[in-house]
Amino acid sequence: MKRRVAITGMGVISSLGNSSAELHSALCKGDTGLHKIEGEAFHGFQCRQSGNLLSFQPETFLQGKPLRSLDRTGRMVAAAATLALANSGWSRETLSQRDVGLVLGTMFGSVHTISEFDRRALVEGPAYASPLDFANTVINAAAGQAAIWHNLRGINSTIACGAASGLAALSYAADLVRYGRQTAVLAGGADEFCFESFCGFERARLLCAAADDGEFAIPFDARRTGFALAEAAALLMLEEWEAAQARGARIMGEIVGHGSAYNPMRRRQNGGSNAIARAIRAATEDAEVSPAEIACVSASANGSTVIDKEEAVALKAVFNGKGSQIPVTSIKSMLGETLGASGAVQAIDLIESLSNGVLPGCLGLDKTEADMPDLDLCREPRKLQAGCGLGLVNSVGFDGHACALLVART
Amino acid sequence: MSRQATIVVTGLGMLTPIGTGREQFWNALVGGRSGIGPVKSFDTSNYSVHLGAEIQDFQPQNYVSELAPESIGRSSQLAIAAARLALSDASLDLNKIDLERAGVCVGTTSGEPHFIERFDDHYVQGNLANVGEEFITRYPCHVVAGHVAGELGFGGETMMIATACAAGNYAIARACDLLSAGKAEAMLAGGADSFSRITYTGFARLGAIAPEVCQPFDRKRKGMVPGEGAAMLLLETKEQAIARGARIYCEIGGYGLSCDAHHMTAAHPEGQGAVRAMRMALEQSGITPEDVDYISAHGTGTPTNDRLETIAVKRTFGSQAYKIPISSVKSMLGHTMGAASAIEAAVCALTIERGEIPPTMNWHEQDPECDLDYVPNVARQHKVRVAMNNAYAFGGTNSSLVLRECMA
């Protein structure tokens, strides 16, 4: 028996706000979380833009216990959990009575912690490596730390699918609820901004490069040269529908289906759009809806030269010629690429968009290249038609992972 | 807990410090062979411990053919080799399945740690200019599952589950759910980790590495031995396996997963999370403690782990705990990290098929706090209808998988 999956709370730590309402309002105003990158370590790189959090104060969200043993990623995840738990009405007391799970998507865990731990042992000798840091070198450290902080004793898992990790984690958690493994699971994703990942992406020439007339980490735009690396943490509380109703929870949305696919040909530079389209079709089949019922799309596009177009081709194929009637946006135009967090941040904003009836626009988008498929790309915030209830969140990884999630307004 | 379909294991592939492939591995295992020796992959002269469990003479080009072996990391190479062995063991003809509905689920602790270690070498030598694109294209752990899918042409759901030393069990559990929900028709699930300087340094710093011998549950046990390895299981529905005339090792009865929410590196003092995971696995499998014939222990060999694991088994199984043979293959293999519980799941499958239980080696003296039947030093003939595979990890993450005889 399949159970319905209710979304009963959302928590987000982002460069554009620390609540879903704040985030959605900033996105609709066209605010940007991207800025000129600071710090001497970043001199000499071609990319000059980033979307790191300038004012993250973990103490605001995490009180009463020492924070010392949590690294930055752990703090961001634990903070997002504080917000999602409060938003869904879980208290210390109710959490002690039931086993709530946590499924986190992440690309790196903390590659900064891992690298720093190793470098210290290299420079000072292995006897000087920090045991406290070692605990945080495992990729599931943030999920473990957040579970300890909030007393989450249910299934605790960490999923890695690159930039599709957050959506893959939401899909996994939704299945745990649907198939009766767990009645309440916090799920989403996180990745921090750090020197190590920035340096890696720069060397792989995936980041937007500064040019005389600006930097164009603009999804779908003909001038795009790559993405802007950013950071965020986002978690949604997923609960079995009847259990959520029974405890009097406010239900803000529903996960109605998901699909995933992999492009085994990605190292041969083709087949990307096929895998993306298969993931979306799998999601519609899973939800038992037709693509024509989808009212709006939060795309994965981040300014990447190849993958943005593959996604557009896939959307066009799935919508079977009707793509020009379905509004598509990419909030990465304002948030940058938050990697493991991205799909979960998109899901949170799409729930807000469906409830408020306004989809944010794709900031800065001007012209697309001539052979970009004909889609209704929103350049400005778009009022959704009355009755719009079903939204598609799409995530595409750098290495062939594709994941699609369908959310519905309640 | 009802499943829509029964999921069975029809192929096993493993690369371990004591042997590669089912027969070589099994013979070494029941023969009590050790894969532990001085670390060769990096210099340990400034460490206080020197033992490791590395795979010797691995030839990736014997397994990796569609991708260029030198273009991927060692964990990916090991995972691909294990996948190829599992497919061949399962006699699965890839031309006869829908490759777009074939997926890969791999558990890991560190993914491809060598690439961040090289990054760090460059960093401390002031040579960051030497960091090339291979760092980002080969390091992030998701590439391991991706490389397996890429090598085999699989286009279904493909993911890494990074739940450290319990990851193999988590990956198998996820694959089972995808299969029983009808979202895949074949899944390769398991775990992979390559020998890591970072992991070694960390365990050495925690004082957790055995200086001379790995002797789980022995009174004088002094620690674990970090290792490397990979194992993949081919999972499919029982219906499909029977239809294609496949040999079935066993079925997956159910699983239990939980979190201590207590401490990052130490287990709960009363084994609370581990007990919940075992109970959930029993319940999901529709069985009672009396039904379990063998427990494959996490059994790392550290004083604390083995003591707390024993407490948790006793709390779950009551007086029955004394009647169930429990062994730790880590006494021979070392701790292969994310691969460990996948290798141990394969061990469980083989105990069911062969009616023989591998020993806990190097066990000499009983610890009053570890007083169960650990199958010391000699393999034992014992009919196994139901096996439980336990694995625990940093982050307080617990897992128990039930594998059982498949009735026709």
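Quantities reported herein were computed from a predicted structural model and do not represent experimental measurements. Proteins get letters first, then strands, A, B, ... in listed order; numbering begins at 1 in each.
Applying the side-chain hydrogen bond (donor to acceptor under 3.5 Å, both in side chains) test to A/Arg75 and every residue at least two apart in sequence or in another chain returns nothing.
Between the CG atom of A/Asn136 and the CZ atom of B/Phe394 there is a distance of 10.0 Å, given to the nearest 0.5 Å. Between the CD1 atom of A/Ile155 and the CE atom of B/Met280 there is a distance of 4.0 Å, given to the nearest 0.5 Å. Rounded to the nearest 0.5 Å, atoms CZ (A/Arg278) and CD (B/Glu157) are 11.5 Å apart. With values rounded to the nearest 0.5 angstrom, B/Arg138 atom CZ is found 12.0 Å from A/Asp399 atom CG. Note that the OG1 atom of A/Thr106 and the CE atom of B/Met160 stand 13.5 Å from one another [nearest 0.5 Å].
A donor-acceptor pair under 3.5 Å is formed between the side chain of B/Tyr170 and the backbone N or O of A/Asn156. The closest donor-acceptor contact from the side chain of B/His142 to the backbone of A/Met107 lies at 3.5 Å or more, if one exists at all. Side-chain N or O atoms of A/Tyr262 include none that pairs as donor or acceptor with a backbone N or O of B/Gly103 at under 3.5 Å. With hydrogens and angles disregarded, no donor-acceptor distance shorter than 3.5 Å links the side chain of B/Asn46 to the backbone of A/Pro126. Using a distance-only test at 3.5 Å, with no hydrogens or angles considered, no donor-acceptor pair links the side chain of B/Arg276 to the main chain of A/Asp99.
Between chain A and the options B/Tyr123, B/Phe203, B/Phe135, heavy-atom pairs under 4.5 Å are most frequent for B/Tyr123. Looking only at heavy-atom pairs under 4.5 Å with chain B, the residue among A/Ala121, A/Gly162, A/Ala141, A/Ala147 that has the most is A/Gly162. For chain A, the option among B/Pro113, B/Ala261, B/Gly395, B/Gly256 with the highest count of heavy-atom pairs below 4.5 Å is B/Ala261. Note: B/Leu128 leads B/Asp260, B/Leu128, B/Asn398, B/Leu178 in heavy-atom pairs under 4.5 Å with chain A. Comparing A/Leu176, A/Leu122, A/Ile159, A/Asn151 by heavy-atom pairs within less than 4.5 Å of chain B, the highest count is held by A/Leu122. Contact tally against chain B (heavy-atom pairs below 4.5 Å) for A/Ala402, A/Ala160, A/Ala204, A/Ala168: the top residue is A/Ala160. Highest contact tally toward chain A, considering only B/Val124, B/Thr265, B/Leu99, is held by B/Val124 [criterion: heavy-atom pairs under 4.5 Å]. The choice from B/Ile161, B/Thr397, B/Val131, B/Leu206 that makes the most heavy-atom pairs within less than 4.5 Å of chain A is B/Val131. With chain A as partner, the option from B/His263, B/Arg197, B/Arg101 having the largest number of non-hydrogen pairs under 4.5 angstrom is B/Arg197. Of the listed residues (A/Thr137, A/Ile114, A/Val123, A/Asp133), the greatest number of heavy-atom pairs within a distance under 4.5 Å of chain B belongs to A/Ile114.
When heavy atoms are compared at a cutoff of 4.5 Å, A/Glu202 does not approach chain B at all. For B/Ala204, no part lies under 4.5 angstrom from a heavy atom of chain A. For a residue to count as touching a neighbouring chain, one of its non-hydrogen atoms must lie under 4.5 Å from one of that chain's; by this rule B/Ala181 touches chain A with backbone and side chain alike. For chain A, no part of B/Ala102 is nearby; none of its heavy atoms comes within less than 4.5 Å. For B/Gln272, no part lies near chain A; criterion is any non-hydrogen pair under 4.5 Å.
At least one side-chain heavy atom of A/Asn274 sits less than 4.5 Å from a side-chain heavy atom of B/Glu100. Looking only at side-chain heavy atoms (C-beta outward), A/Phe117 and B/Thr201 come within less than 4.5 Å of each other.
Within a 6.0 Å sphere centred on CD of A/Glu124, heavy atoms belonging to other residues, nucleotides or ligands number more than 12.
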Does A/Tyr179 form a side chain to side chain contact (heavy atoms under 4.5 Å, CB included) with B/Ser180? I'd like the steps, not just the answer. CA-CA 10 Å; A/Tyr179 298 109; B/Ser180 57; over 6 Å; no
Would you please test A/Ser115 and B/Asp120 for side-chain hydrogen bond (donor to acceptor under 3.5 Å, both in side chains) and show each step? CA-CA 6 Å; A/Ser115 179; B/Asp120 296 335; 2.5 Å; yes
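B/Arg205 forms no cation-pi arrangement with A/Phe134, by the criterion of a distance under 6.0 Å to the ring centre and an angle within 45° of the ring axis.
Contacts classified as salt bridge (charged side-chain N to carboxylate O under 4.0 Å, His left out) and involving residues 168-180 of chain A (residues at least two apart or in different chains) are given here: A/Asp175-A/Arg178, A/Asp175-B/Arg174, A/Asp175-B/Lys183, A/Arg178-A/Asp286.
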